[in-house]
> 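My questions all concern the structure below.
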Amino acid sequence: MAEDDIARWALKIEYDGTNYVGWQRQKDGLSIQTLIEAAASKLVGGRAVSSITAGRTDAGVHASGMVIHLDFPADAPINDRQIRDGMGYYLKPHPVVVLQAAPVTLDWSARFSATWRSYRFTILNRQARPALQENHVWHVKRPLDVDLMQDGANFLLGTHDFTSFRAIACQAKSAVRTLDVLKIHREGDLILVDTQARSFLHHQVRNMVGSLVMVGSRQWPTEKMRDILEAKNRCAAGPTSPPDGLCLTGVGYPEDPFA
């Protein structure tokens, strides 16, 4: 569509990624992107609606504050309430929900206008398996020391080459990233790992958590995290934690389109 024919809307959405192939449309399996675009299309009489996301989540990863933008036909008579409630209706029974919608200019991009992304990784640290939290936590039976995990995490703060924590299939041109936040705390049986950066490498959060669990279980000393960074080798780091515990919690912009 030509620019004059487009009305761009920013959407904040949440979803349970358990049974989906991730955000991005794939040849096989159902994606969140496919569901969102189909619902948006139904809202405007079957006309095509394209989407751009602030971040592509993997299969099994969840989101409580994902931001995307949709390009609707400019002549479509829609408002924020109709987008939220109408798409919510068409997305049933899938666990994908539009929380907010706001009009934005065509030079605004959910991806390129973003200044940070935040994630939370949740670990269930007890002997008994999860029931209510199944598919939303990494169940680790071995006792974990949160203070040791935080000491190890502190080595990762700031600007580093995170080659050791990127997926082998990561397509980013540079492995240098600036990690602004990496805080770990316990709430009962749950260990919450909160992190924030302008952008992350593929599997970076899950690989960092996998290594920090090795530290928290006293299999590795805290200084091992520094050594892993310096190695610049994926084989030096710990296992990739499962996607279940990972949730994209927020995306920041110079001006909040939903304010």
> Can you tell which of I36, V21, T57 makes a side chain to side chain contact (heavy atoms under 4.5 Å, CB included) with S31?
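The residue from I36, V21, T57 that satisfies side chain to side chain contact (heavy atoms under 4.5 Å, CB included) with S31 turns out to be V21.
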> Yes or no on side chain to side chain contact (heavy atoms under 4.5 Å, CB included) for Y119 and V193, after CA distance, side-chain angles and deciding distance?
CA-CA 8 Å; Y119 287 87; V193 182; over 6 Å; no
> Are the side chain of R117 and the backbone of A54 linked by a donor-acceptor contact shorter than 3.5 Å?
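Side chain of R117 to backbone of A54, a donor-acceptor pair under 3.5 Å: yes, one is there.
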> Counting neighbours of CZ on R234 that are heavy atoms of other residues, nucleotides or ligands and sit closer than 6.0 Å, is the number greater than 12?
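Yes, CZ of R234 has more than 12 neighbouring heavy atoms, counting only those of other groups under 6.0 Å.
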> Roughly how far, to the nearest 0.5 Å, is the NZ atom of K42 from the CE atom of M87?
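Here the rounded value is 11.0 Å.
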> Would you give the length of the straight line joining atom CE of M208 to atom NE2 of H203, rounded to the nearest 0.5 angstrom?
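Rounded to the nearest 0.5 Å, the CE-NE2 separation comes to 13.0 Å.
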> If we ignore hydrogens and angles and just use 3.5 Å, is the side chain of Q127 paired with the main-chain N or O of K141 as donor and acceptor?
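Side chain of Q127 to backbone of K141, a donor-acceptor pair under 3.5 Å: yes, one is there.
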> May I ask you to decide if K232's main-chain N or O and T163's side chain share a donor-acceptor pair within less than 3.5 Å?
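Side chain of T163 to backbone of K232, a donor-acceptor pair under 3.5 Å: no, none is there.
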> Looking at E134 and R129, is any side-chain nitrogen of the basic one under 4.0 Å from a carboxylate oxygen of the acidic one?
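Answer for the salt bridge query: no.
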> With rounding to the nearest 0.5 Å, note down the distance linking CG in D16 to SG in C247.
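Interatomic distance, D16 CG to C247 SG, rounded to 0.5 Å: 9.5 Å.
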> Examine distances only and state if a side-chain atom of S217 and a backbone atom of V213 form a donor-acceptor pair shorter than 3.5 Å.
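Present.
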> Would you say R186 has more than 12 foreign heavy atoms packed within less than 6.0 Å of its CZ?
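Result for CZ/R186: enclosed.
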> When you compare the side chains of D244 and H62, does any donor N or O come within less than 3.5 Å of an acceptor on the partner?
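No - no donor-acceptor pair under 3.5 Å links their side chains.
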> Can you tell me how far apart NE2 (H160) and CG (L229) are? Round to the nearest 0.5 Å.
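The NE2 atom of H160 sits 5.5 Å away from the CG atom of L229.
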> Between Q24 and R56, is any side-chain donor less than 3.5 angstrom from a side-chain acceptor?
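Yes - a donor-acceptor pair under 3.5 Å links their side chains.
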> Between S51 and R25, do the side chains contain a donor N or O and an acceptor N or O under 3.5 Å apart?
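No donor-acceptor contact under 3.5 Å links the two side chains.
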> So, do W108 and Y253 have ring centers that fall under 6.0 Å from each other?
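W108 vs Y253: aromatic centres under 6.0 Å.
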> If you look only at distance, which donor and acceptor atoms sit under 3.5 Å apart when one is on a side chain in residues 176-183 and the other is two or more places apart or in another chain?
unit_1, atom_1, unit_2, atom_2, d
R177, NE, S199, OG, 3.1
R177, NH1, S174, O, 3.0
T178, OG1, T159, OG1, 2.6

> Not counting sequence neighbours, which residues clear salt bridge (Lys or Arg N to Asp or Glu O under 4.0 Å) with D145? List them please.
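With sequence neighbours excluded, D145 shows a salt bridge (Lys or Arg N to Asp or Glu O under 4.0 Å) to R218, given in chain and number order.
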> Closest heavy-atom contact between S241 and V209?
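For S241 versus V209, the nearest heavy atoms are OG-CB, 3.9 Å.
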> List in chain and number order the residues that pass ring pair (Phe, Tyr, Trp, His ring centres under 6.0 Å) with H69, two or more places apart in sequence or in another chain; answer none if no residue qualifies.
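If we apply the ring pair (Phe, Tyr, Trp, His ring centres under 6.0 Å) test to H69, skipping adjacent residues, there are no hits.
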